[in-house]
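Structure record follows, encoded as structure tokens.
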Amino acid sequence: MDKILEGLNKEQLEAVTHASGPLLIIAGAGTGKTTVITRRIAWLLSEGLAKTGEILALTFTDKAAQEMQERVDILVPYGYTDIWISTFHAFGDRLLRENALVAGLNPDFKVLTRPEAAVFFREHLFEFTLSYYRPLSDPTRFIEALISLFSRAKDEDVSPQEYLNYAQGLIIKSKQNPQDKAQEEEALQQLEVARAYDQYQELLAKEGLFDFGNQFYLALKLLREHPLILKKYQEQFKYILVDEFQDTNFAQFHIVRLLADQNKNVTVVADDDQCIYRWRGAAYSNVLNFIESFPEAKKISLIQNYRSSQVILDSAYRLIQHNNPERFEVKANID
């Protein structure tokens, strides 16, 4: 126990030893947020509040997940063994493989990289009902853009059917205003994209293939459509911890919310000033969504910086104020 709590400041100690209930940790760069998460995992185990298989720790990158694994391995006497420490994509992949038959999937499905997905789309190009997005002069021109759009739709938890419903709504509106040709063209374009999105998902499923977006998007679909499977993982994961929460997208947030809905023992570490992946669907608004979903959440701010001098911190803070009033600190009234 002394080793686990050694060297922690007041705020870090309070976060590590938070026994139960939702916890929001606001932590800037250099404040020891990874230390807090790893020490918290070790503390939960040492206190007997959870067994190794009852803890789920999620982060955004493979590098961060590996660092977390290494630190926990040092803190826990017998290693981290079967603690679920991974990225969201790897976690979704594991969920889908464990429940492939229920989800109607091939357990040996292959995950395509972005270039491989583009090649796959190009090989099936003439199976898509495309007109605007398959110009005769350069049929492959829009492939990358379409795949990016499909990926973003999954990030935003938009199903092919929802996209089709939206596009068909635009078609109805355009018919009500026939003189507006720009509106008509936009409606036709959106309908073409929506149909292509639907066909793309069907083709992937038919050939037992996945792209990266499918790993967590279909995992979320699995949890929503199969209450028995959801209940199984809700009961298994007594404690859920999420690092770099500001980098999660909308679909990933809902996976966390669903899994934590029973025990409410969910800890998220976030700093909206470090939200650098918005171009990939990350939504710092998820931090606000977390507060709305778990209004009873305890809030702890890590304010002691171990990386930079006060002069640098003061200068950086003055600079970041130019993002007000959009910053989380202002919106959530947290210092």
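Note that the structure is a prediction, hence the values are computed from the model and not measured. Below, all heavy atoms of this structure are taken into account, side chains as well, without hydrogens, waters or symmetry copies.
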Are [Y] and [X] co-members of a hydrophobic cluster defined by side-chain heavy atoms under 4.5 Å apart?
X: F126; Y: Y197; value: yes
X: I143; Y: Y133; value: yes
X: L164; Y: L130; value: no
X: I41; Y: Y239; value: yes
X: L75; Y: V36; value: no

pair [X]-[Y]: side-chain heavy atoms closer than 4.5 Å:
X: P107; Y: R97; answer: no
X: F216; Y: H89; answer: yes
X: T59; Y: F88; answer: no
X: L24; Y: K298; answer: no
X: V268; Y: I25; answer: no
X: L220; Y: R224; answer: yes
X: L58; Y: L56; answer: yes
X: F121; Y: I147; answer: yes

So, [X] and [Y]: side-chain donor and acceptor under 3.5 Å apart, yes or no?
X: N265; Y: S20; value: no
X: S148; Y: R114; value: yes
X: Q234; Y: Q236; value: no
X: N99; Y: Y233; value: yes
X: E185; Y: Q189; value: yes
X: T35; Y: R71; value: yes
X: Q69; Y: D73; value: no

[Y]/[X] salt bridge by N-O under 4.0 Å criterion:
X: E98; Y: R94; result: yes
X: K110; Y: E207; result: no
X: R152; Y: E156; result: yes
X: K181; Y: E184; result: yes
X: D261; Y: K231; result: no
X: K154; Y: D211; result: yes

State whether the side chain of [X] and the backbone N or O of [Y] hold a donor-acceptor pair below 3.5 Å, judged by distance alone.
X: Q12; Y: T31; value: yes
X: E186; Y: Q183; value: no
X: E54; Y: K51; value: yes
X: T248; Y: F245; value: yes
X: H18; Y: G21; value: yes

| message | Please evaluate residues I26 and I300 with respect to the criterion side-chain contact (heavy atoms from CB on, under 4.5 Å), reporting the C-alpha separation (whole Å), side-chain torsions for both, the decisive distance (0.1 Å), and the verdict. | response | CA-CA 6 Å; I26 307 299; I300 298 175; over 6 Å; no
Indicate the atoms forming the closest heavy-atom contact of [X] with [Y], along with that distance.
X: A219; Y: I255; value: CB-CD1, 4.5 Å
X: N106; Y: A100; value: C-CB, 4.3 Å
X: D247; Y: F60; value: O-CE1, 3.0 Å
X: L222; Y: A103; value: CD1-CB, 3.8 Å
X: L45; Y: A50; value: CD2-O, 3.3 Å
X: I55; Y: F237; value: C-CD2, 4.2 Å

| said: Under the criterion side-chain contact (heavy atoms from CB on, under 4.5 Å), I'd like the reasoning laid out for D155 against F250: C-alpha separation, chi angles, the key distance, then a yes or no. | reply: CA-CA 6 Å; D155 289 345; F250 196 62; over 6 Å; no
| task | Could you go through the side-chain contact (heavy atoms from CB on, under 4.5 Å) check for W43 and T38 one step at a time? | result | CA-CA 9 Å; W43 183 81; T38 52; over 6 Å; no
| Given Y200 and F150, is the ring-ring contact (aromatic ring centres under 6.0 Å, His included) satisfied, shown in steps? | CA-CA 9 Å; Y200 176 70; F150 302 157; 5.2 Å; yes
| task | Specify whether Y132 and F142 have parallel, tilted or perpendicular ring planes, treating 30° as the upper limit for parallel and 60° as the lower limit for perpendicular. | result | parallel
Distance from [X] atom [atom1] to [Y] atom [atom2], nearest 0.5 Å?
X: N9; Y: I303; atom1: CG; atom2: CD1; answer: 8.0 Å
X: T140; Y: L146; atom1: OG1; atom2: CG; answer: 11.0 Å
X: S159; Y: N165; atom1: OG; atom2: CG; answer: 7.5 Å
X: T17; Y: R39; atom1: OG1; atom2: CZ; answer: 12.5 Å
X: L23; Y: E14; atom1: CG; atom2: CD; answer: 8.5 Å
X: Q190; Y: S174; atom1: CD; atom2: OG; answer: 12.0 Å

| Verdict with supporting geometry, H124 and F128, ring-ring contact (aromatic ring centres under 6.0 Å, His included) | CA-CA 7 Å; H124 294 271; F128 290 89; 7.6 Å; no
| request: Might you confirm whether atom CZ of R195 has over 12 heavy atoms from other residues, nucleotides or ligands at distances under 6.0 Å? | output: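 Count not over threshold, so no.
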| message | Using the rule given for salt bridge (Lys or Arg N to Asp or Glu O under 4.0 Å), can you reason through K221 versus E225, listing the C-alpha separation, both sets of side-chain angles and the distance that settles it, and then say yes or no? | response | CA-CA 6 Å; K221 187 172 182 283; E225 294 182 355; 3.2 Å; yes
